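Atoms within a ligand are numbered from 1 in the order they appear, just like the ligands themselves. This structure is a prediction, so every number in the text was calculated from the model and none was measured.
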Amino acid sequence: MPSSTDARNANVGLNLAGKTAAVAGGTQGIGAAVGLRFAQAGANVYIIGRNEQLGREVVEKCREQAHDAGDGRTYEFIKADLSSVSEVRRVAEVLKEKSGSKGIDYLVTSQGGPPNGKYIQTSSTPAHDAHFAVQTLSRFGLAYLLASSGILKDTWVSVCAPAGEKGPEPDVDNLELEGAHRDKWMLGRVMGQAKQDSALGDAIAVQFNQHFPSLRAVHLFPGFVYTNALASASIVPRPVLWAYGYVGPLMARFTPMGNLPAWYAEIPVYIGANPSARGKGLEASNERLKPLGWPAWAEGTTGKKVWEKLKAMVEV
Ligand SMILES: NC(=O)c1ccc[n+]([C@@H]2O[C@H](COP(=O)([O-])OP(=O)(O)OC[C@H]3O[C@@H](n4cnc5c(N)ncnc54)[C@H](OP(=O)(O)O)[C@@H]3O)[C@@H](O)[C@H]2O)c1
């Protein structure tokens with residue numbers, strides 16, 4: 001079965017000199033590793049996130065490890081809290097200014113984290129559910145704003161959780177799952193959010209392909225990648241986190257769906273930017289490079305409704 005090793009082999013010699021990648025959620029975890037892999041392949045890299053220290057460290061690593069560096073390549077950190085629509089819009093403007101007429105070739109959205117079963121309103125105006133705002137709205141917003149303004153030139157890769165051909169429809173009348181937090185079962189709340197994240201992610205990728213036929217949307221399931229995501233989500237009790245610190249790295253190394261961030265990063269770079277990955281149906285796929293397909297409803301009325309609602313939220 002193919003895996004990140006096959007992607008790594010295919011990426012040997014990949015030369016992305018002259019290309020530019022913007023990685024949202026690039027300060028740590030999967031996004032940081034993907035940003036670094038783009039730099040190693042010779043691309044310019046913009047890292048976007050809230051944590052300035054981590055962001056600057058990733059940029060510094062990009063500079064150190066960049067293939068054939070020292071010829072005016074760009075590695076920059078853009079500090080932003082993407083839970084706010086105005087910040088999403090500002091980041092799109094900053095990328096437009098910085099990238100100039102060459103634009104951005106690859107947008108990677110890896111920001112956010114696992115479903116947390118909470119419903120907490122952001123302090124920005126207008127307010128949104130914080131998980132929805134980062135996991136869905138900011139991803140849609142960056143992709144939509146960069147594509148509709150002609151800044152995005154090639155592919156948008158979103159690392160989240162495609163549900164595949166048979167994936168269920170989202171709740172279109174309640175995109176943010178308002179009221180779902182009253183469900184007394186934590187597991188039910190988390191599962192509901194996970195289903196909504198997957199479905200909305202599929203809907204916006206399929207609709208993106210329809211609205212911008214010269215561009216490409218990719219939605220990837222990373223399997224299990226050992227990162228700080230559980231700790232960042234702050235829903236897991238301390239003793240479990242402590243145990244996870246020991247078990248997680250083993251799961252990443254020795255289980256079939258496990259990867260360390262640097263191993264997994266080969267996959268988004270392969271599918272997003274390696275010409276040899278095109279035409280293989282990998283636009284919705286998993287960590288085994290298995291094509292999952294798109295749900296049919298995402299092309300029809302449901303997908304269109306999701307697109308229009310998110311567009312209205314971003315254009316407000
Ligand atoms: N790891 C896995 O096994 C796994 C499995 C399935 C799906 N996923 C999905 O893959 C994505 C990446 O996961 P990961 O494991 O790499 O997570 P991670 O290590 O926690 O990284 C998340 C990134 O998102 C950024 N971020 C979070 N909130 C943000 C905000 N409000 N504004 C801007 N940036 C924000 C963080 O940066 P700052 O803190 O600097 O803002 C960080 O760079 C997540 O969406 C996750 O749900 C991961």
Write out the residue and atom name of the closest protein heavy atom to atom 20 (O) of ligand 1, then the distance separating them to 0.1 Å.
-> Ala229 CA, 3.3 Å
Around atom 9 (C) of ligand 1, find the nearest protein heavy atom and jot down its residue, atom name and distance.
-> Val159 O, 4.1 Å
For the pair Lys61 and Glu64, find out whether any cationic side-chain nitrogen is under 4.0 Å from an anionic carboxylate oxygen.
-> no
Got a second to check how far Phe224's CZ is from Met251's CE, nearest 0.5 Å?
-> 4.5 Å
Numbering the atoms of ligand 1 from 1, which are under 4.0 Å from a heavy atom of Pro222?
-> 4 (C), 5 (C), 6 (C), 7 (C), 8 (N), 48 (C)
What's the spacing between Ser110 OG and Ile48 CD1 if we round to 0.5 Å?
-> 11.5 Å
Could you tell me whether Asp154 and Arg278 have a side-chain N and a carboxylate O separated by less than 4.0 Å?
-> yes
Should the heavy atoms of other residues, nucleotides or ligands under 6.0 Å from CD of Glu60 be counted, would the total exceed 12?
-> yes
Classify the ring geometry between Phe212 and Tyr144 as parallel (under 30°), tilted (30 to 60°) or perpendicular (over 60°).
-> tilted
shortest atom 15 (O) of ligand 1-to-protein heavy-atom contact is with Thr227 OG1, 2.6 Å
Judged by non-hydrogen atoms, does Ala133 sit under 4.0 Å from ligand 1?
-> no
Atom 11 (C) of ligand 1 has as its nearest protein heavy atom Ser110 O, 3.5 Å
Would you mind listing which atoms of ligand 1 come within a distance below 4.0 Å of any non-hydrogen atom of Ala80?
-> 32 (N), 33 (C)
Would you confirm whether Ser198, through its side chain, and Ala194, through its main-chain N or O, come within 3.5 Å as a donor-acceptor pair?
-> yes
Would you call Ala161 a ligand 1 contact, heavy-atom distance under 4.0 Å?
-> no
Is Val134 close to ligand 1, meaning an N/O of one under 3.5 Å from an N/O of the other?
-> no
Hey, which atoms in ligand 1 end up nearer than 4.0 Å to a heavy atom of Asn51?
-> 38 (P), 40 (O)
Parallel under 30°, tilted from 30 to 60°, perpendicular over 60°: which one fits the rings of Tyr226 and Tyr244?
-> tilted
For atom 22 (C) of ligand 1, what's the nearest protein heavy atom and its distance?
-> Gly112 O, 3.3 Å
Based purely on interatomic distance, does Ile48 place a nitrogen or oxygen under 3.5 Å from a nitrogen or oxygen of ligand 1?
-> no
Which one of Asp197, Thr122, Asn116 satisfies the side chain to side chain donor-acceptor pair (under 3.5 Å) criterion with His131?
-> Asp197
Nearest non-hydrogen protein atom to atom 5 (C) of ligand 1, with distance, is Gly223 O, 3.2 Å
If you count the atoms of ligand 1 from 1 in the order shown, which ones are under 4.0 Å from a heavy atom of Phe224?
-> 3 (O)
Side chain of Asp129, backbone of Phe132: donor and acceptor closer than 3.5 Å?
-> yes
Could you name the option among Gln53, Arg50, Gln111 that has the heavy atom nearest to atom 28 (N) of ligand 1?
-> Arg50
Pairing of Arg56 and Glu52 as salt bridge, 4.0 angstrom limit = yes
Could you list which atoms of ligand 1 come closer than 4.0 Å to a heavy atom of Ser83?
-> 31 (N)
Residue, atom and distance of the protein heavy atom nearest atom 37 (O) of ligand 1 read Thr27 OG1, 2.8 Å
Could you tell me whether Val225 and ligand 1 have an N or O pair separated by under 3.5 Å?
-> yes
Could you tell me whether some N/O pair between Ile30 and ligand 1 is separated by less than 3.5 angstrom?
-> yes
Number the atoms of ligand 1 from 1 as they appear, then name those within less than 4.0 Å of a heavy atom of Leu82, with their elements.
-> 30 (C), 31 (N), 32 (N), 33 (C)
Option with minimal heavy-atom separation from atom 46 (C) of ligand 1, where the choices are Gly113, Ala231, Ser138 = Gly113
Looking only at non-hydrogen atoms, which of Met257, Glu287, Gln135 approaches atom 45 (O) of ligand 1 most closely?
-> Gln135
Does the gap between the ring centers of Phe140 and Trp307 come in under 6.0 Å?
-> yes
Any Arg288 side-chain heavy atom under 4.5 Å of Ser3 side chain = yes
With distance as the sole test, does Arg73 use its side chain to make a donor-acceptor pair with the main-chain N or O of Gly42 at under 3.5 Å?
-> yes
Closest approach of any protein heavy atom to atom 25 (C) of ligand 1, naming residue and atom | Gly25 CA, 3.7 Å
Can you list the ligand 1 atoms lying under 4.0 Å from a non-hydrogen atom of Asp81?
-> 30 (C), 31 (N), 32 (N)
Applying a strict 4.0 Å limit to heavy atoms, is Glu52 in contact with ligand 1?
-> no
From Ser4 OG over to Leu289 CG, what is the distance, rounded to the nearest 0.5 angstrom?
-> 8.0 Å
Is there any N or O on Cys160 that sits under 3.5 Å from an N or O of ligand 1?
-> no
Should Glu93 and Arg90 count as an ion pair when the cut-off is N to O under 4.0 Å?
-> no
Atom indices of ligand 1, in the order listed, that fall short of 4.0 Å to a heavy atom of Gly29 | 16 (O), 19 (O)
